[in-house]
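For the single chain, residues carry numbers from 1 onward in sequence order.
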Amino acid sequence: MKWNNGDVVHGFNIMKVDHVEEVNSDVYMMEHIKSGAKLMYLDSADDNKVFYICFRTTPDNSKGTPHIMEHSTLCGSRKFPLKEPFVELAKGSLNTFLNAMTWPDKTMYPVASRNSTDFHNLMDVYLDAVFYPDCLQNPQILMQEGWHYELDKKDGELTYNGVVYNEMKGALSSPDALLNNAAMEKLFPDTTYNVESGGDPDVIPTLSFREFTDFHRRFYHPSNSYIYLYGDMDIENTLKYIDEEYLSAFDRRCVYSEVGTQKAFAKRVITEKNYNIADGENIANKAIHALYAAMTDCMTTKESLAIRILNYVLIDMDGAPLKKALLDAGVGSDVSGAYEDSYKQPVWSIVVTGSEPERQGEFSQIVDHTLRKLALTGLDKKMLTAALNRTEFILRENDYQGRPKGLFYGIRAMDMWLYDRDPIEALRYYDDINGLRKAIETDYFEGLLLKYLIKNSHQVLITMKAKKGIDEKKRIEVAEQLDAYKKSLSENQITDIIEKTRVLKERQASVDSEEALTAIPLLRREDLNREIENDEIENGRIEEIRHFHYDINSNGIVYLNLYFNLEGLSKKDIFYANILTRLLLSMNTVNYEYSELVRQSNAYTGGINFQVGSISNIDSDQKCTPYLIVKGKALVSNADKMVRLLKEVILHTDYTDKIRLREILMEEKANWDMTAFARGHTLCISRLLSYFSETGRYSETTGLSYYYFLSDVVARFDAISDEMISCLQRLAKQIFTRHNLFIHTIGSEEEKTAVNKFLPEMVSEMPEELGPANRETTCSNVVINEAFQTAGKVQYVAKGGNFKRHGFAYTGALRVMETILRYEYLWKKVRVLGGAYGAFTQFMRNGNAVLCSYRDPNLAETLKVYEELPDYLSALVLSEREMTKYVIGTMAAEEIQLTPFMKGERALAYYLTGNTRESRRKIRDEIVNCTIDNIRSLAPLVRSVMNDPYICVMGNEEKIRQNKALFTSILSMPK
């Protein structure tokens with residue numbers, strides 16, 4: 001250990017030292033003597049260093065002050081007097097994570113980088129931002145990030161605008177967000193959890209500048225802070241810098257920010273909660289029933305982990321008894337559960353979607369009866385064991401998809417640290433896993449059911465009803481209120497609003513001075529890594545079938561991917577292939593019931609999933625090959641069980657159970673209904689690409705086209721079920737053949753040997769059929785420029801085209817241009833001036849290019865911004881320092897730490913798409929050596945894309961109707 005208890009290091013008193021094997025780190029808990037700041041350091045060999053500073057922020061209203069403050073602190077500070085230092089960091093840092101986040105009771109500012117100098121710079125900017133922000137003196141920052149009255153001329157319409165205001169209009173458009181808000185309000189009426197920390201758009205415009213600044217003075221003090229450091233760093237100098245540059249300037253003080261504990265009460269029932277649906281949607285089967293239960297504020301980590309396992313066993317896994325009871329009774333079309341332990345009092349929720357309002361009582365009775373029966377007769381011990389194995393596998397694999405694992409350790413620690421409990425215990429799980437394994441043989445889990453659900457009266461039962469016209473009525477009310485307010489103003493007051501609007505827009509459009517920009521520390525181009533990883537992949541055969549293997553230390557886990565060629569299938573058949581991916585492992589096979597298959601999957605693997613995807617040459621969008629991909633992972637000792645399970649599911653699934661088939665399809669449809677708008681940007685981009693790209697047409701068969709198809713087969717299920725079953729049986733035989741297959745494995749030689757030993761057993765049972773004879777493209781799309789009307793209050797606005805069709809070539813400078821557009825042009829025009837939450841762009845190697853806004857209050861205005869982009873590029877002036885900044889920011893993507901699985905997937909993708917090491921090196925060199933002239937020369941390329949006629953929008957039906965002339969087709973979302 002570096003230090004011992006009681007040591008004082010650069011003003012920090014070492015309060016506790018420990019070692020946590022689960023995260024392979026020595027842990028030091030410290031407190032800054034002068035300021036009272038708390039600090040946790042995880043000393044790890046990981047070079048992906050993490051810092052955050054977190055404040056306990058406990059609002060007592062829904063004006064969104066914590067959320068707006070989170071945005072605003074990053075808009076200039078004492079040492080960094082720029083409009084948006086956060087954006088400047090994003091432009092020119094090698095960060096592996098850079099963001100800020102607001103929870104109901106805390107606000108966190110995390111950064112991560114593998115470069116030591118860069119890490120220090122990021123930490124410095126964030127510390128200065130939270131302790132010395134410009135937003136305390138400049139009301140325009142609150143106007144921009146929070147809300148403001150907007151009026152351009154005396155006879156114009158008075159409106160509200162602001163980044164958070166528009167973001168929350170989008171966030172609170174979804175019924176699940178409204179449901180959660182209603183539940184928390186009723187579950188915790190006497191604590192901070194009863195308000196919306198993100199901000200309610202109806203209340204945000206009541207936030208005053210004085211309230212805003214008072215909030216910072218109250219909560220943003222070191223005595224109310226939690227500082228976290230992780231990774232291989234010069235910790236002595238880091239602590240010295242934090243002490244001398246920041247914390248030593250503050251004296252310890254008492255900050256009242258405690259999260260109260262809600263006293264339990266008798267179960268409350270709420271039925272008068274409505275959510276909006278669009279005019280074109282069907283109101284039938286749109287009710288949502290939910291039971292929320294609050295836990296005690298002193299749960300052990302063992303209990304918390306056990307309830308996660310219970311949630312999975314009872315609700316989330318196929319064949320789960322509570323889920324099955326509700327679906328068998330026809331109460332709804334989908335059942336989900338969630339356990340959230342990032343509150344002082346954790347919350348367990350059970351939600352049924354696709355129901356009718358009058359079935360609330362039946363929902364409640366079935367939940368209560370089923371849980372009591374299970375508590376009395378006992379839970380299935382095999383299911384508990386399987387779920388525990390699954391949980392342990394997830395914890396040990398530590399797969400955060402390339403994001404810094406140290407950050408997630410820190411977030412996990414805050415789940416206890418914030419409530420004055422030992423954060424080190426949040427990182428441990430070995431003893432809890434071992435204890436729960438023994439507890440399965442007792443009535444421990446049944447006891448938890450009794451304690452926290454059956455006998456716990458601290459519950460809220462809520463029904464959300466679908467209703468048309470709510471948002472339109474609200475829009476009219478707000479417009480009338482603003483109109484009445486405007487009429488009440490004097491001429492001088494109106495002039496004042498117009499002037500404030502003008503001055504704000506002028507500030508937003510202005511450019512930081514070169515002197516101010518140089519305040520942000522910057523690396524040099526020489527600091528950038530120009531090396532290209534080899535990513536070689538072995539190419540062999542198993543039973544005469546192509547076998548690709550990526551050799552890497554995977555910590556005893558074998559990853560197995562099976563690719564089945566779908567080339568030549570009709571568009572309808574590809575839709576059915578999508579359905580097939582949802583059915584596999586969820587329906588009975590010849591030898592097993594589906595509940596046993598799921599149990600085996602959890603007991604012996606780290607997960608099995610199925611998906612439809614496509615692969616094309618990296619440099620062309622004219623030809624792609626679709627695949628049904630099977631992915632499995634397991635400990636090397638269980639490789640045989642995984643392969644045999646895959647064989648059973650792929651070759652012997654029985655598709656004839658109509659009741660189960662209907663149940664799965666209704667669950668799938670309900671999930672799409674709940675999530676489609678939240679991922680509107682990805683769905684719009686996919687649809688847009690289908691207008692002009694062959695690869696896009698195949699990809700779109702998993703997007704909105706599939707959603708419409710799914711909705712249709714659910715609606716007509718009784719009439720077409722026999723045809724559907726026949727089609728699924730035919731497709732399974734047609735797809736799962738030796739001829740269509742190639743295999744991909746990831747792991748060391750040991751993992752490769754283990755899986756190769758058992759693969760022949762599966763392959764030998766596969767038929768030899770050649771699959772479909774037709775090898776022509778069958779996913780053509782003729783409709784372009786569509787708008788999809790939703791009940792949402794904001795839009796996703798996408799535009800694109802293909803520049804190679806106009807004779808242009810791809811270059812690495814396009815990557816740098818993307819960074820410039822994302823953090824300069826689109827940031828200013830679409831987010832800052834337009835009020836959208838964000839906008840992004842991608843210019844791809846195959847020539848496809850897209851721009852898309854996110855949670856955007858505008859539509860035509862955003863398209864105009866896109867169209868003016870070429871003029872911006874041709875006139876762009878940047879200093880060499882600014883160009884270097886954008887180059888560095890572009891290279892940040894290369895710093896992400898990939899897991900063994902991600903590296904193996906990348907290597908295969910490089911091979912199959914023809915993305916050679918030489919071509920990657922050429923593009924990296926073009927990025928590192930990019931000049932302003934290279935960027936300006938891209939203007940004609942971008943103009944060619946902007947001149948293409950392709951747009952796609954999803955959003956508010958009234959906004960779409962106002963702009964109907966832009967579209968060839970206007971559609972309602974599936975019913």
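In this structure, Y796 and I685 have side chains that are not in contact, with every pair of non-hydrogen atoms separated by 4.5 Å or more. A heavy-atom distance below 4.5 Å is not found between the side chains of E70 and V164. In this structure, the side chains of Y228 and L42 come closer than 4.5 Å at one or more pairs of heavy atoms.
For the residue pair N802 and Y950, no side-chain donor N or O sits within less than 3.5 Å of a side-chain acceptor on the partner. A side-chain donor from one of Y230 and D46 sits under 3.5 Å from a side-chain acceptor of the other. For the residue pair E514 and T518, no side-chain donor N or O sits within less than 3.5 Å of a side-chain acceptor on the partner.
Contact check on E882 versus K885 returns a salt bridge, with a Lys/Arg side-chain nitrogen under 4.0 Å from an Asp/Glu carboxylate oxygen. Checked for salt-bridge contact, E867 and K864 miss the test: no charged N lies under 4.0 Å from a carboxylate O. With respect to D856 and K959, no salt bridge is recorded, no charged nitrogen being found less than 4.0 Å from a carboxylate O. Between D47 and R114, at least one side-chain nitrogen of the basic residue sits less than 4.0 Å from a carboxylate oxygen of the acidic one, meeting the salt-bridge criterion.
Once rounded to the nearest 0.5 Å, the distance linking CZ of F843 with CG of L851 reads 5.5 Å.
The 12-atom threshold is not exceeded at NZ of K500, counting heavy atoms of other residues, nucleotides or ligands nearer than 6.0 Å.
A cation-pi contact links R831 to Y837, judged by a cut-off of 6.0 Å to the six-membered ring centre and 45° from its axis. For the pair R920 and Y910, the distance from NZ or CZ to the six-membered ring centre is under 6.0 Å and the angle to the ring normal is within 45 degrees.
For E236, the side chain to side chain donor-acceptor pair (under 3.5 Å) partners at least two apart in sequence or on another chain are H10. Qualifying salt bridge (charged side-chain N to carboxylate O under 4.0 Å, His left out) partners for E926, counting only residues two or more places apart in sequence or in other chains: K922. Remark: K169 pairs with no residue by the salt bridge (charged side-chain N to carboxylate O under 4.0 Å, His left out) rule, at least two apart or across chains.
Each of F51, F86, Y52, F55 was evaluated against Y109; a single residue qualifies, F55, per the side chain to side chain contact (heavy atoms under 4.5 Å, CB included) test.
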